Amino acid sequence: MKTILEQISETVSRGFEKAGYDASYGKVGLSNRPDLCEFQCNGAMAGAKAYHKAPIMIANEVAEVLKDESAFSEIGAVAPGFLNIKVSDDFLAEYLNGMRTGERFGLEVAAPKKIIVDYGGPNVAKPLHVGHLRAAIIGESVKRICRYMGNEVIGDVHLGDWGLQMGLIITELKKRCPDLPYFDESFTGEYPKEAPFTLSELEEIYPAASAKSKEDDAFKEEALEATKQLQKGNRGYHALWEHIMNVSVPDLKRNYADLSVDFDWWKGESSVDKIIPGMVDDMKKNGFAHESEGALVVDVAEQSDTKEIPPCMILKSDGAALYTTTDLATLVDRKNNFDPDHLIYVVDKRQEMHFIQVFRCAKKTGIARKDTQLDFLGFGTMNGKDGKPFKTREGGVMRLETLIADIRETMLKKITENHETDPQEAEKTARIVALAAIKYGDLSNQATKDYIFDTDKFTSFEGNTGPYILYTIVRIKSILAKYKDALSGASALPEVIGLPQNDAEKALMLEITKFSQVIALSYEEIAPHRICAYIYDVCNAFNRFYHETRILTEEDTARKEGWIALLILTRDILETSIDLLGFAAPEKM
RNA sequence: GUCCACGUAGCUCAGCAGGAUAGAGCGUUCGCCUCCUAAGCGAAAGGCCGGAGGUUCGAAUCCUCUCGUGGACGCCA
């Protein structure tokens, strides 16, 4: 089904043609003067020059041609040359009924593409902290949007499980427990099945080792060497690495599940390690890679660059792989396993340079096809109320679990304050609302900008917040539930949406019609915040309508049934939209 | 130093394939519950869209310069 703007534009374009002008001037947009009209066309002013005619004359002629058009209840020319349009009730109701019966509410999708969204990047052995929140939330939403648009989409967590942090942990462990068999080079037996550390010990070991390496050069040297040994296949180190993974990954999975974030692939840097030697050889053989300052690099600077782009480093001067190496090898792996048309990296925007290098190198060396779309969606920093990076009161990095627990507690308090509820039920609802508060709070901002994580604001039921959205959906559900209860036996819910009965109802209907445009735009721009803005508009329109209309007590059955059908569509649109953002609504709250 | 992003109401943010009077929310002030969840709705006050030029019939939106803030600039990830 064509979007409402497309349909109206087509009609107006025909009008321009009939009046003797080029059809291209008939493009219609949303009105920016809702007090005057619902849709507007500015084509007459654009065409004035070409036709040497006053814009108002052109607009008048077009309006005259279209004055009997059944889709419009009003079309008029206004100085200096605007065409102001209101759609007819019949047209609007017909459009909504088309949405109701159409797949994806009439949203048209293009031929499916294969897309990989890379949006995790947590390091194993480290607990998730608030820095991982944005990647998870934005990436999950992007993945769902891509999928909704009919594409085949893979979400990959892309674990940091192969770099220096593993060497650091191994080295620190060696200092603490040198007698473990993993450090005995002559040991040939089987290593223990149980890890020599617990999760919380592991979480303590890494920061300790990291801190040590910053002060102690010898320790850092050792860690670098251990990293290299691990990558070379040292048996004991590899066994330790497996322990680290076995202890850490289940915990990561649990944390992501808590956020309703899930990945199709749990691959990591380690899973592409075997690819690296061959890839590097190819780059050398084909003349892409050369030595520079002891390291192996590929030049990626281009003539048109306005700044210097350093070469893409493939191997460090000690021969070890690094970030770029594994990212490139990952591209090789992904091509072999999935052959994606499009890759989207949801990563902190400070890593932009790195990805420019990787993308250019991949294209240049043929690791990515020339027509593969490589996108870097860099997100901004999550700041505290003071405008500085989000920290705990003590100034440390806050664990993600702690943050989520805090928000849940706040929500639980609010829910129990306002309503008497069963404690278990309240707990469940609090979890759902808390997730909405966090995710909506993040996604309603443009991803690329820094934003302020304000707990008080996000958990509020007032304003543009997750809880307000859920509250509105619950209101709708509540009416539908009551309506259903009153229905005799197995009668079906009414389906057909009727003509709007008042301004508030028409306004709600008009908001709903924007669905296709909004989803398509948020997909094109990879911009979930567009969906947030849309949802908020729909909720406001609904609440206004709700306030003016007594639905359940309406005596005119046809009217009432039309409203129920409209509520069902509103609910479905809202629930579909929040699902694209990565959260859901409860039945009651 | 070079390059990039951002600067919109007291605060937090939309709007940026140029259009008619720049929008929300919070906060402030004032109304509205015998009625489907008042966790709601309505209204008021609050702006030289950082500054200066330019392109255009028309600029918050495009271009140039300038000031301010943040970030990136080869062996961390």
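What you see is a predicted model; the values in this text were computed from it and never measured. FYI, side chains are in, hydrogens and waters are out, and symmetry mates aren't considered; it's all heavy atoms of this structure. Protein chains get the first letters and strands the later ones, always in sequence-line order, with residue 1 at the start of each.
When the side-chain nitrogen and oxygen atoms of A:Lys349 are compared with OP1 and OP2 of B:G71, none of them lie within a distance under 4.0 Å. Side-chain N/O atoms of A:Gln446 include one lying less than 4.0 angstrom from OP1 or OP2 on B:A14. The phosphate of B:A20 (OP1 or OP2) has a side-chain N or O of A:Asn32 nearer than 4.0 angstrom. Dashed line: the shortest gap from a side-chain N or O of A:Asn543 to OP1 or OP2 of B:G40 is not under 4.0 Å. A sub-4.0 Å separation between OP1 or OP2 of B:G70 and a side-chain N or O of A:Lys449 is absent. Note on A:Arg350: every side-chain N or O is 4.0 Å or more away from OP1 and OP2 of B:C4.
A salt bridge is absent between A:Asp118 and A:Lys267: the closest approach of a Lys/Arg side-chain nitrogen to an acidic carboxylate oxygen does not fall below 4.0 angstrom. With respect to the salt-bridge test (charged N to carboxylate O, under 4.0 angstrom), the residues A:Lys506 and A:Glu38 qualify.
B:G40 and B:C6: their P atoms are spaced 33 Å apart (whole Å). For the C1' atoms, the distance from B:U2 to B:G46 is 42 Å, rounded to whole Å. Rounded to whole Å, the separation between the C1' atoms of B:A9 and B:G58 comes to 25 Å. For the P atom pair drawn from B:C13 and B:C76, the interatomic distance equals 35 Å after rounding to whole Å.
Within 4.0 Å of A:Asp485, counting heavy atoms only, lies no atom of the nucleic acid at all. Contacts of A:Glu308 with the nucleic acid, taken as non-hydrogen atoms under 4.0 Å apart, are absent. Looking at heavy-atom distances under 4.0 Å, A:Ser292 makes contact with a base. Residue contacts for A:Glu269: at a heavy-atom cut-off of 4.0 Å it reaches the sugar-phosphate backbone alone, with no base atom in range. Contact annotation for A:Met353: backbone-only contact, meaning every heavy-atom pair under 4.0 Å involves sugar-phosphate atoms and none involves a base. Looking at heavy-atom distances under 4.0 Å, A:Gln40 makes contact with a base. Using a 4.0 Å heavy-atom cutoff across all strands shown, A:Asn42 reaches at least one base atom of the nucleic acid. Counting any heavy atom pair closer than 4.0 Å across all strands shown, A:Asp35 reaches a base atom. Contact annotation for A:Leu315: no contact, since no heavy-atom pair falls under 4.0 Å across all strands. Nucleic acid contact class of A:His529 (heavy atoms, under 4.0 Å, all strands): sugar-phosphate only. Residue A:Lys588 is in base contact, counting any heavy-atom pair closer than 4.0 Å across all strands shown.
Of the candidate nucleotides B:A39, B:U12, B:C41, B:A39 has the atom lying nearest to any side-chain atom of A:Phe461. For A:Thr306, taking side-chain heavy atoms from C-beta onward, the closest of the listed nucleotides B:C16, B:C3, B:C76 is B:C3. Ranking B:U37, B:G25, B:U2 by closeness to the A:Tyr536 side chain, first place goes to B:G25. Comparing B:C41, B:C73, B:C75 against the side chain of A:Pro310 picks out B:C73 as the nearest. The side chain of A:Lys316 approaches B:C75 more closely than any other nucleotide in the set B:A39, B:C75, B:A20. Minimum atom distance to the side chain of A:Ala295 is reached by B:C75, of the listed B:C57, B:C75, B:C13. Checked against B:C16, B:A77, B:A20, the side chain of A:Arg530 finds its nearest nucleotide in B:C16.
Taking atom OH of residue A:Tyr451 and atom C1' of nucleotide B:C6, one finds them 17 Å apart after rounding to whole Å. Here the P atom of nucleotide B:G25 and the CZ atom of A:Arg544 are 9 Å apart, to the nearest Å. Atom CD of A:Glu293 and atom C1' of B:G74 are 7 Å apart (whole Å). Atoms CE (A:Met382) and C1' (B:G71) sit 19 Å apart, rounded to a whole Å. Atom NZ of A:Lys307 is separated from atom P of B:G71 by 15 Å (rounded to the nearest Å). Following rounding to the nearest Å, A:Asp305 (CG) and B:C73 (P) show an atom-to-atom distance of 16 Å. Rounded to an integer number of Å, the gap from A:Asp118 CG to B:A77 P is 16 Å. In this structure, A:Glu525 atom CD and B:A17 atom P are separated by 8 Å, rounded to whole Å.
Under 3.5 Å, the side chain of A:Asp327 and the base of B:A77 form no donor-acceptor pair of N or O atoms.
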N/O to N/O distances under 3.5 Å, protein versus nucleotides 33-36 of chain B:
unit_1 : atom_1 : unit_2   : atom_2 : d
B:C35  : O2     : A:Arg550 : NE     : 3.3
B:C35  : O2     : A:Arg550 : NH1    : 2.7
B:C36  : O3'    : A:Lys482 : NZ     : 3.3
B:C36  : O2     : A:Ile551 : N      : 3.4
B:C36  : O2     : A:Leu552 : N      : 3.0
B:C36  : N3     : A:Thr549 : O      : 3.3
B:C36  : N3     : A:Ile551 : N      : 3.2
B:C36  : N4     : A:Tyr546 : O      : 2.4
B:C36  : N4     : A:Thr549 : O      : 2.2
B:C36  : N4     : A:Arg550 : NH2    : 3.3

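Crowding of A:Asp305 atom CG: a count of heavy atoms from other residues, nucleotides or ligands under 6.0 Å exceeding 12. Enclosure of atom CD in A:Glu302 by more than 12 non-hydrogen atoms of other residues, nucleotides or ligands within 6.0 angstrom is indicated.
Heavy-atom minimum distance, A:Gln357 versus A:Pro311: NE2-O, 3.1 Å. Closest approach of A:Gly81 and A:Ala44 over heavy atoms only: O-CB, 3.5 Å.
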Q.
Does A:Phe376 form a ring-ring contact (aromatic ring centres under 6.0 Å, His included) with A:Phe359? I'd like the steps, not just the answer.
A. CA-CA 9 Å; A:Phe376 171 74; A:Phe359 291 171; 7.2 Å; no
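Taking for each of A:Leu164 and A:Asn84 the nucleotide of RNA chain B with the nearest heavy atom, the 5'-most of the two is the partner of A:Asn84.
Secondary-structure annotation of RNA chain B gives the stems B:1-7 with B:67-73, B:10-13 with B:23-26, B:28-32 with B:40-44, B:50-54 with B:62-66, with a stem taken as at least 3 successive Watson-Crick or G-U pairs whose two distances both fall under 3.5 Å.
Under the 30°/60° scheme for interplanar angles, the aromatic rings of A:Phe355 and A:Tyr345 are found to be tilted.
Evaluation of A:Phe82 against the base of B:A20 yields a stacking contact (centre distance < 5.5 Å, interplanar angle < 30°).
A cation-pi geometry, defined here as NZ or CZ lying under 6.0 Å from the six-membered ring centre and within 45° of its normal, does not hold between A:Arg475 and A:Phe542.
For B:A17, the base adopts the syn conformation, since its glycosidic angle falls within 90 degrees of zero. Within 90° of 0 lies the glycosidic angle of B:C33, which makes this nucleotide syn.
With 3.5 Å as the limit, one finds a donor-acceptor pair spanning the side chains of A:Trp563 and A:Glu505.
Two rings, from A:Phe453 and A:Phe458, have their centers less than 6.0 Å apart.
Inter-residue side-chain proximity for A:Met353 and A:Lys307 is flagged as met; some heavy-atom pair is nearer than 4.5 Å.
When each of A:Lys477, A:Arg571, A:Lys428 is checked for a salt bridge (Lys or Arg N to Asp or Glu O under 4.0 Å) with A:Glu587, only A:Lys477 meets the rule.
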